[in-house]
Structures are given as C-alpha cells and as structure tokens.
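The figures that follow rest on heavy atoms only: side chains count, while hydrogens, waters and symmetry mates do not. Counting starts at 1 for both ligands and their atoms, in listed order.
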Amino acid sequence: MKIAIGCDHGGYVLKEGIIKLLEGRGIQVSDKGCGGESVDYPDYALAVAKEVSDGSSDKGILLCGTGIGISIAANKVKGIRCAVCHDVFTASMCSAHNNANILAMGGRVIDQDKAEAMVAAWLDTPFEGGRHCGRVDKITAIEREYFK
Ligand code: RB5
C-alpha cells in the first residue's frame, strides 16, 4: 500500500510520527510536505488529493491546524472522500460507512498518541459495503452532476 501525506504548519507537529507509524507497517509513504514553514493548506491538500485521485497513492492523510480547511480543499478534487475526524470512533466510521480515501486531522485539536490511534483505526477498519455502497454511489453521482 502507498499513502500520500501532506500538511501545513498547523498540522506539521503530527506528521513525522504518523510517517514512522506508516513505515513501521510496511506502507510506502509519499510525503508531499510541508517542512513546518508557514504555507497555504490548499496547496498541500491538492498535492495529496491528486495522487489519490489518479491512483498513484491508495489513500491519503492531511493535517492542518483543525483539519477543516485542508479537508474542504481536498474534497474539491474528483473522487476524493476526505473526512476530518477527531477521535478513534469517527476515524473508524469514516472508513466503515463512508469509504473515506483521505483522513484529515488537526494538529491543534488532537495530540500525537490520539492521531496515531486514529490512523491505525482508519487503516484497520474495512469499508462495510452493503447498504453503504448505494450512499457512497450517491455522493459520486452528486460529484458527476455538479463538478464542472
Ligand atoms: C493556519 O493558521 C490554519 O488556518 C490552518 O492550519 C487550518 O486550521 C485551516 O483550516
């Protein structure tokens, strides 16, 4: 598996630990930056979302101060279902019910241990399929209709 990861200065605090966790699981990491300097989160959202959208990465992780701005930006890219999560339950559910292909978190909201537990829960929870397939398909239909 390959995961693209990106952050702005507000999320940088979480990034190195998450990369270590991913590499420890044998996952290939594509680090799109930043290096901790003050940057604009949409640039990093786009870099990660493009890799997930075109299939060059299987999933993505995005980190900003709150997880909000970077997730909004990522969700503008075709095929992206980016979920901003705040705990292990929401991280697990965004995979089980929403088949989220990018997990977003806030470096000013959660600490390192929680972020790593959330990444593990997201990766270890499969999409349940079944009744959730039709709902995710409806999200894709909205995208087809309104993304021009
Ligand atoms: C940067 O100061 C901050 O606005 C950003 O990291 C993020 O929280 C935006 O949603």
Side-chain angles (χ1 to χ4, degrees), residues 1-25 27-125 127 132 135-148:
M1 181 186 291
K2 185 175 171 190
I3 293 187
I5 188 165
C7 67
D8 75 354
H9 49 289
Y12 180 74
V13 64
L14 299 175
K15 193 173 72 167
E16 297 308 313
I18 291 172
I19 290 174
K20 281 200 187 84
L21 169 86
L22 297 174
E23 289 176 341
R25 285 174 164 240
I27 293 169
Q28 193 187 341
V29 176
S30 172
D31 184 356
K32 310 306 289 182
C34 73
E37 70 282 13
S38 182
V39 296
D40 297 332
Y41 59 80
D43 299 335
Y44 297 83
L46 179 60
V48 167
K50 270 165 72 175
E51 283 207 2
V52 176
S53 179
D54 71 19
S56 50
S57 282
D58 300 295
K59 292 171 185 276
I61 295 174
L62 286 169
L63 311 159
C64 69
T66 59
I68 296 170
I70 211 157
S71 61
I72 291 172
N75 279 314
K76 300 300 181 191
V77 176
K78 191 173 187 314
I80 296 305
R81 290 179 303 280
C82 178
V84 55
C85 294
H86 299 97
D87 51 32
V88 166
F89 177 71
T90 50
S92 162
M93 291 303 286
C94 82
S95 182
H97 286 193
N98 314 113
N99 202 13
N101 50 15
I102 299 184
L103 174 66
M105 295 176 288
R108 297 173 185 156
V109 180
I110 56 174
D111 65 19
Q112 190 73 43
D113 288 347
K114 188 187 258 193
E116 291 179 23
M118 289 167 62
V119 170
W122 176 60
L123 291 175
D124 293 340
T125 304
F127 178 49
H132 302 293
R135 295 165 185 165
V136 172
D137 287 348
K138 286 188 177 190
I139 295 172
T140 306
I142 292 170
E143 182 181 270
R144 274 202 211 99
E145 176 70 18
Y146 290 96
F147 272 35
K148 300 299 177 200

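Cys7 has its side chain out of reach of Cys64: every pair of non-hydrogen atoms, C-beta onward, lies at least 4.5 Å apart.
Residues forming a side-chain hydrogen bond (donor to acceptor under 3.5 Å, both in side chains) with Asp58 (at least two apart in sequence, or on another chain): none. Scanning for side-chain hydrogen bond (donor to acceptor under 3.5 Å, both in side chains) contacts around Thr140 gives an empty result, with sequence neighbours left out. With sequence neighbours excluded, no residue satisfies side-chain hydrogen bond (donor to acceptor under 3.5 Å, both in side chains) with Arg135.
Using a cut-off of 4.0 Å between Lys/Arg side-chain N and Asp/Glu carboxylate O, Lys78 and Asp54 are scored as not salt-bridged.
The residue from Val119, Leu103, Val109 that alone fulfils the side chain to side chain contact (heavy atoms under 4.5 Å, CB included) condition with Cys85 is Leu103.
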Please tabulate, one line per pair, the protein nitrogen or oxygen atoms found under 3.5 angstrom from a nitrogen or oxygen of ligand 1, with distances to 0.1 Å, or say none if there are no such pairs.
residue, atom, partner, partner atom, Å
ligand 1, 2 (O), Arg108, NH1, 3.3
ligand 1, 6 (O), Asp8, OD1, 3.4
ligand 1, 6 (O), Asp8, OD2, 2.6
ligand 1, 6 (O), Gly65, N, 2.7
ligand 1, 8 (O), Gly65, N, 3.3
ligand 1, 8 (O), Thr66, N, 3.1
ligand 1, 8 (O), Thr66, OG1, 3.2
ligand 1, 10 (O), Thr66, OG1, 3.4
ligand 1, 10 (O), Gly69, N, 2.9

